[in-house]
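Written out below as structure tokens is the structure these notes cover.
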Amino acid sequence: MAEIFTYQCPCCGGAISFDSTVQKMVCPYCDTAFEMETLRQYDEELKKDAPSNMPWETQSDKTFDGAQDGVFVYSCSTCGGQIIGDETMAATKCPYCDNPVIVMGQLSGDLKPDYVIPFTMDKNDAKAAFQKHLKRKLLPKVFKDQNHIDEIKGVYVPFWLFGGNADAKIRYKAERTRSWSDSSYIYTQHNFFSVTREGTLGFSHVPVDGSSKMEDKLMESIEPYDFSKAVDFQTAYLAGYLADRYDVDAQACQPRANQRIGESTQQAFRQTIQGFSSVVQTGAQINLIHGVIQYALYPVWIMNTTWKGKQYRFAMNGQTGKFVGNLPVDIGAAIRWFLGIWGSVSVVVALIKILFDLF
Amino acid sequence: MKKWFVGMISVFLCVCMLVLPCTAAEQERGNTIVDHANLLTESEETELRTSLEEISAQYECDLVIVTVDSLDSKSPMAYADDYYDENGYGLGPDKSGVLFLISMEERDWWVSTHGKGITAFTDWGIDYIFSKMKDDLADDNFYAAFCTFTYYCNSFLEQAQTGEPFDSNNEVKEIDWVSTLGISVVIGIIAASIVLGVMISKMKNVRPQPRARSYMIPGSLKITGAREFFLYSTVTRVKKASSSSSSRGGGSSTHRSSSGRTHGGRGGKF
């Protein structure tokens with residue numbers, strides 16, 4: 001079964017994790033920082049070690065039983081405590097010793113991501129962004145007061161990245177008008193044209209959420225991610241965060257990518273048509289050529305809170321800090337605001353109207 | 001004794017001869033309110049008469065309200081003009097005055113003006129005053145309508161004293177409470193709805209991204225074929241809005257009555 005792995009500080013032996021502020025691995029015990037490049041080499045060394053190191057730790061009976069329920073049991077390499085997870089869990093923290101652990105099997109072979117965008121926003125940034133997000137006038141006061149964030153989790157979410165050239169041929173019906181008038185009529189001449197645009201447009205790394213645990217809508221809301229900051233995947237980046245491997249395959253994610261690429265292509269082509277008073281698209285044929293699919297882990301801060309029996313989920317882009325999450329609306333406050341604005345605007349308008357009448 | 005008595009009589013007759021024509025002329029001038037159609041109660045009549053006479057005296061312009069059941073097959077204009085001329089209405093050397101006629105037979109109204117009344121009450125002015133009375137007249141609230149008439153007569157005569165009577169190019173400066181209330185309430189609701197809509201939409205910021213704009217490779221858009229060709233053409237036409245109202249010069253239109261005097265005035269149905 002899958003093996004649990006902890007990065008140990010080469011200096012003191014403590015469990016080390018990735019620090020988003022310095023973009024290095026930092027040991028919380030002795031404050032030693034390690035370059036990612038060093039870790040990459042170290043990583044490779046460790047991979048060679050791993051198989052021979054801990055075969056005796058696998059508890060085949062239990063994991064086999066658990067696997068049938070979708071529950072997997074791992075044991076922590078630091079304290080030996082049992083870690084319960086599901087089949088997609090790739091990185092987590094040991095609930096007993098709080099050391100970051102990585103499930104090696106989840107990220108090797110076919111499951112190994114091509115890229116990772118490391119976290120640049122830390123937990124405090126996420127908390128601050130959440131507090132800022134709550135500063136809304138229509139938010140029920142009790143929601144703000146009673147709000148206990150159940151958990152703030154830094155998660156590496158699996159994404160499929162789609163790239164390629166869209167080869168499109170789009171047809172439009174366009175209208176150009178000309179007006180003139182005589183003594184009693186205004187005439188408008190509507191001239192209709194057939195307009196065609198053919199061409200190509202390149203897309204790179206259009207992300208589609210590959211985890212069924214994350215709502216696609218929530219993940220799209222925190223986009224865009226800047227892929228230029230992505231680095232080749234190293235498991236060391238996951239230390240200190242949670243990570244899942246994909247459970248929705250690339251095939252299933254394609255339609256969504258195609259849809260977004262198609263929409264964007266149509267918009268870009270539409271913008272090349274100028275000088276008409278109206279343009280209506282009448283037909284489009286879009287083919288994707290040289291399509292490439294890659295697998296990457298993107299950083300997301302996730303927090304949940306439950307209020308009045310309803311769950312509210314918030315997400316922050318771990319790279320850009322974009323924070324999203326729907327909030328409940330205080331109906332009473334909304335009515336008060338409505339009446340207040342209505343009243344004050346009406347009074348001002350009435351005064352202006354009276355002045356206008358009198359002078 | 002007899003001589004003295006004859007002298008007394010002759011003096012009295014002389015005095016009578018001097019005075020009587022005046023008193024006779026005074027008596028000839030008809031009532032300020034002539035309610036043949038019985039649209040008003042006794043007390044309403046008294047009250048209106050008091051205020052009408054007060055205003056008439058102040059501006060030297062007779063104000064008369066006449067209600068009749070039938071026009072005796074005359075036109076409202078002719079009836080009002082003749083009524084004015086025959087009953088000796090009008091104050092001052094030019095016999096200034098305004099007569100407001102209501103006929104219940106065909107529900108006609110007419111405002112006849114004479115002398116200063118013609119300048120004070122322009123065509124536009126009469127239409128304006130009627131527009132303020134229209135609803136009351138239609139609902140048979142004649143007392144309310146006549147009170148309105150009295151009120152506007154006062155303000156029109158007051159304005160006419162300044163030498164610039166109310167007209168289409170010098171409209172009555174008056175707060176229109178109904179439209180003020182309507183406009184302010186409607187704009188208030190629209191403004192509040194827009195602001196609340198924005199505030200509520202800000203509470204929900206989880207929404208899918210329909211496009212992939214941020215992932216377009218900059219400069220990768222290559223248009224290899226662009227064609228445009230003419231298909232067909234249609235022509236539509238819209239009638240121009242008539243601009244006659246804007247060039248209205250205002251003033252009062254006048255005509256001659258059967259007695260040969262010049263009258264202004266306007267009327268219609270209610």
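Residue numbers begin at 1 in each chain, while the letters A, B, ... track the order of the sequences.
- Checking side-chain atoms of T224(B) against main-chain N and O of E198(A) turns up a donor-acceptor pair under 3.5 Å.
- Looking at H190(A) and T236(B), their side chains do bring a donor and an acceptor atom within 3.5 Å of each other.
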Does the pair K353(A) and S179(B) meet the rule for a side-chain hydrogen bond (donor to acceptor under 3.5 Å, both in side chains), with working shown? CA-CA 9 Å; K353(A) 172 75 167 61; S179(B) 73; 3.1 Å; yes

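- At a 4.5 Å heavy-atom cutoff, the contact between L139(A) and chain B is made by backbone and side-chain atoms alike.
- Expressed to the nearest 0.5 Å, how far CD1 of I352(A) lies from CD1 of I187(B) amounts to 8.5 Å.
- R237(B) forms no cation-pi arrangement with Y187(A), by the criterion of a distance under 6.0 Å to the ring centre and an angle within 45° of the ring axis.
- Both the backbone and the side chain of T234(B) come within contact range of chain A, each with at least one heavy atom under 4.5 Å from a heavy atom of that chain.
- Between the S184(B) side chain and the V349(A) main chain, no donor and acceptor come within less than 3.5 Å of each other.
- Other residues, nucleotides and ligands contribute over 12 non-hydrogen atoms within 6.0 Å of the CZ atom of R49(B).
- Interface summary for chain B: among R256(A), R171(A), R176(A), Q266(A), the most heavy-atom pairs under 4.5 angstrom belong to R256(A).
- The closest side-chain heavy-atom distance from K202(B) to L327(A) is not below 4.5 Å.
- With V206(B) as the partner, the side-chain contact (heavy atoms from CB on, under 4.5 Å) test is satisfied by one option alone out of E215(A), R313(A), K217(A): K217(A).
- You'll find the ring centres of F192(A) and Y232(B) inside the 6.0 Å limit.
- For the pair R260(A) (side chain) and R211(B) (backbone), a donor-acceptor distance under 3.5 Å is present.
- When the candidates P224(A), S179(A), S204(A), A174(A) are compared by the number of heavy-atom contacts under 4.5 Å with chain B, S204(A) comes out ahead.
- At a 4.5 Å heavy-atom cutoff, S344(A) makes no contact with chain B through either its backbone or its side chain.
- Residues R227(B) and V195(A) fail the side-chain proximity criterion, which asks for heavy atoms closer than 4.5 Å.
- Taking the side chain as every heavy atom from C-beta outward, W342(A) and V185(B) approach each other to under 4.5 Å.
- V195(B) touches chain A through its side chain: at least one heavy atom from C-beta onward sits under 4.5 Å away, while N, CA, C and O do not.
- Heavy-atom pairs under 4.5 Å with chain B were tallied for Y172(A), F227(A), F269(A), Y185(A); the largest tally goes to Y185(A).
- The backbone N or O of G202(A) sits less than 3.5 Å from a side-chain atom of S220(B), completing a donor-acceptor pair.
- Note that CD of E263(A) is 13.0 Å distant from CZ of R213(B), once rounded to the nearest 0.5 Å.
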